[in-house]
Amino acid sequence: MNKQKKIDSRDIGLEIGLILGQYFFNTEHLHYGYWAGDLDINLKNLPQAQKNYCHFIISQIPEGIKTILDVGCGVGRSAFELINKGYRVDCVSPSPVLTERARMLLGEQSHIFECDFENIQTENRYDMILFSESFQYIKLEKALQNSVKLLNKDGYLLICDFFKTDAKGKSVLGGGHKLAKFYEFISQYPLIPIKDMDITKETAPNLDIINGFLSNVGFPIWKTLIHFLDTNYHFISRLIHWKYNRKIKKINRKYFSGARNARNFSIYKSYRLLLYKNVSA
Ligand SMILES: C[S@@+](CC[C@H](N)C(=O)[O-])C[C@H]1O[C@@H](n2cnc3c(N)ncnc32)[C@H](O)[C@@H]1O
């Protein structure tokens, strides 16, 4: 019998993020947003912060770029903006749900490689490769190897994403390559650093917004469900607690302890915009 391929929990996280984002916040972007200037930090301003993030990235694209490969394009919002600015954009998207949405938005204007970036097969070459909050999902060595392979000579690699700092202690916040390891790895490739901007302060507020949502919406729903099971299905409830006790504790610690906040993000993560130029012959 054919075994069904397991779904990656990170894919599910992104798809849930998309559903909640669309319904509650009227946004399809799947990134933290850029909180700068006089933009108040509250849920209502999340769509604006996410538009600002997209515009911020676009403002950092060097002159002369014509073709872009948007790796991990989500539902294609950034690619859509880039196409509207006159760039020719192809995308990489391994998630069938997000790919379908991106296809609907981008139509024939963009070719979408429906695979992990690690496994992309193409003769195409691009002036710029963009990783907008997608770099952390891709194995470091393969991400850099394939970027160099797919870039035109003098092309650019633009990464906007968060990395792990060297801060001691355990964080409930997952994700991100180690920044020190990233610098060590990339120094071995024919990619020279052009820009390295620390935008942790401008992106961290997203964590306080999500934390507020989890405390005020997620946790009460979670508590109600557990209470319902405890009172109405006592035996099943005890079985679930016995079997999944560690998982339940982990969920409580990760999502409902209040530790997913901007302060901890600023300690354990460093959000950076990095621009490198390909100097391989
Ligand atoms: C946080 S979302 C960012 C989406 C979009 N770039 C944005 O800024 O809104 C991460 C994206 O990375 C993609 N992704 C995850 N693993 C990947 C991989 N191995 N190769 C390419 N993309 C990947 C996901 O499908 C998703 O589209």
Side-chain angles (χ1 to χ4, degrees), residues 10 13-14 17 21 25 27 29-62 70-72 74 77-78 129-138 140 143-144 147 156-187 191 193-215 253-255 257-276:
R10 294 184 307 182
L14 289 170
F25 320 132
T27 177
H29 287 281
L30 287 172
H31 52 67
Y32 280 27
Y34 188 84
W35 301 84
D38 52 10
L39 192 66
D40 283 342
I41 298 165
N42 62 51
L43 208 49
K44 276 200 210 108
N45 284 335
L46 181 62
Q48 187 56 52
Q50 292 186 312
K51 274 188 199 142
N52 293 351
Y53 176 94
C54 199
H55 295 160
F56 168 70
I57 290 186
I58 291 174
S59 73
Q60 302 302 321
I61 298 178
D70 179 4
V71 181
R77 286 302 329 175
S78 307
I129 297 184
L130 169 66
F131 293 89
S132 160
E133 221 171 276
S134 55
F135 193 73
Q136 58 181 281
Y137 296 90
I138 299 161
L140 201 46
L144 297 174
S147 294
Y156 291 87
L157 168 65
L158 198 162
I159 302 166
C160 201
D161 206 342
F162 62 82
F163 294 80
K164 284 190 191 117
T165 65
D166 287 333
K168 297 272 171 295
K170 208 164 158 32
S171 162
V172 298
L173 299 161
H177 296 294
K178 284 188 178 161
L179 187 59
K181 190 174 163 196
F182 166 79
Y183 286 135
E184 190 197 316
F185 266 61
I186 201 159
S187 68
L191 293 162
I194 305 291
K195 276 184 195 174
D196 184 348
M197 298 164 79
D198 186 345
I199 57 163
T200 313
K201 192 161 71 59
E202 290 80 5
T203 47
N206 175 282
L207 271 293
D208 282 342
I209 306 258
I210 301 297
N211 202 23
F213 184 77
L214 288 173
S215 314
R253 199 173 56 245
K254 247 183 124 172
Y255 298 102
S257 67
R260 287 181 92 75
N261 57 34
R263 189 174 162 276
N264 280 337
F265 185 79
S266 307
I267 295 171
Y268 292 105
K269 309 287 170 187
S270 179
Y271 205 123
R272 308 191 89 87
L273 180 130
L274 299 147
L275 183 68
Y276 285 83

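Rounding to the nearest 0.5 Å gives a distance of 8.5 Å between CZ of R263 and OH of Y268. Here the straight-line distance linking atom CG of L275 with atom CG of L157 works out to 8.0 Å at 0.5 Å rounding. With rounding to the nearest 0.5 Å, the separation of CG in L46 from CG in N206 is 6.0 Å. Separating the CG atom in N264 from the CG atom in L207 is a distance of 8.5 Å, to the nearest 0.5 Å. With rounding to the nearest 0.5 Å, the separation of CZ in F162 from OG1 in T203 is 9.0 Å. Separating the CG atom in D196 from the CD1 atom in I194 is a distance of 11.5 Å, to the nearest 0.5 Å.
Side-chain contact between T165 and I267 is absent, with no heavy atoms from C-beta onward closer than 4.5 Å. Two residues are said to be in side-chain contact when any heavy atoms from C-beta on lie closer than 4.5 Å; R77 and Q50 fail this criterion. Residues Y183 and L274 have side chains in contact (heavy-atom distance under 4.5 Å, counting atoms from C-beta outward). In this structure the side chain of I57 never reaches within 4.5 angstrom of the side chain of S78, judged on heavy atoms. The shortest distance between side-chain heavy atoms of V71 and I129 falls below 4.5 Å.
N211 places no side-chain N or O within 3.5 Å of a backbone atom of N261 that could act as its donor or acceptor partner. At least one donor-acceptor pair closer than 3.5 Å links the side chain of N45 to the backbone N or O of D40. No side-chain donor-acceptor contact under 3.5 Å links S134 to the backbone of F131. Of the possible donor and acceptor atoms, one in the side chain of H177 sits under 3.5 Å from a partner among the backbone N and O of F135. Checking side-chain atoms of E133 against main-chain N and O of Y32 turns up a donor-acceptor pair under 3.5 Å. In this structure, K269 contributes its side chain and L173 its backbone to a donor-acceptor pair below 3.5 Å. Judged by distance alone, with hydrogens and angles left aside, the side-chain atoms of T200 form no donor-acceptor pair with the main-chain N or O of F265 at under 3.5 Å.
The shortest heavy-atom contact between E202 and A36 is CG-CB, 4.2 Å. When all heavy atoms of K201 and P205 are compared, the pair lying nearest together is O-CD, 3.3 Å. Across all non-hydrogen atoms, the minimal contact from S132 to Y53 is OG-CE2, 3.5 Å.
Note on ring orientation: taking the six-membered ring where Trp is involved, the planes of Y34 and F56 are parallel (angle under 30°, cut-offs 30° and 60°).
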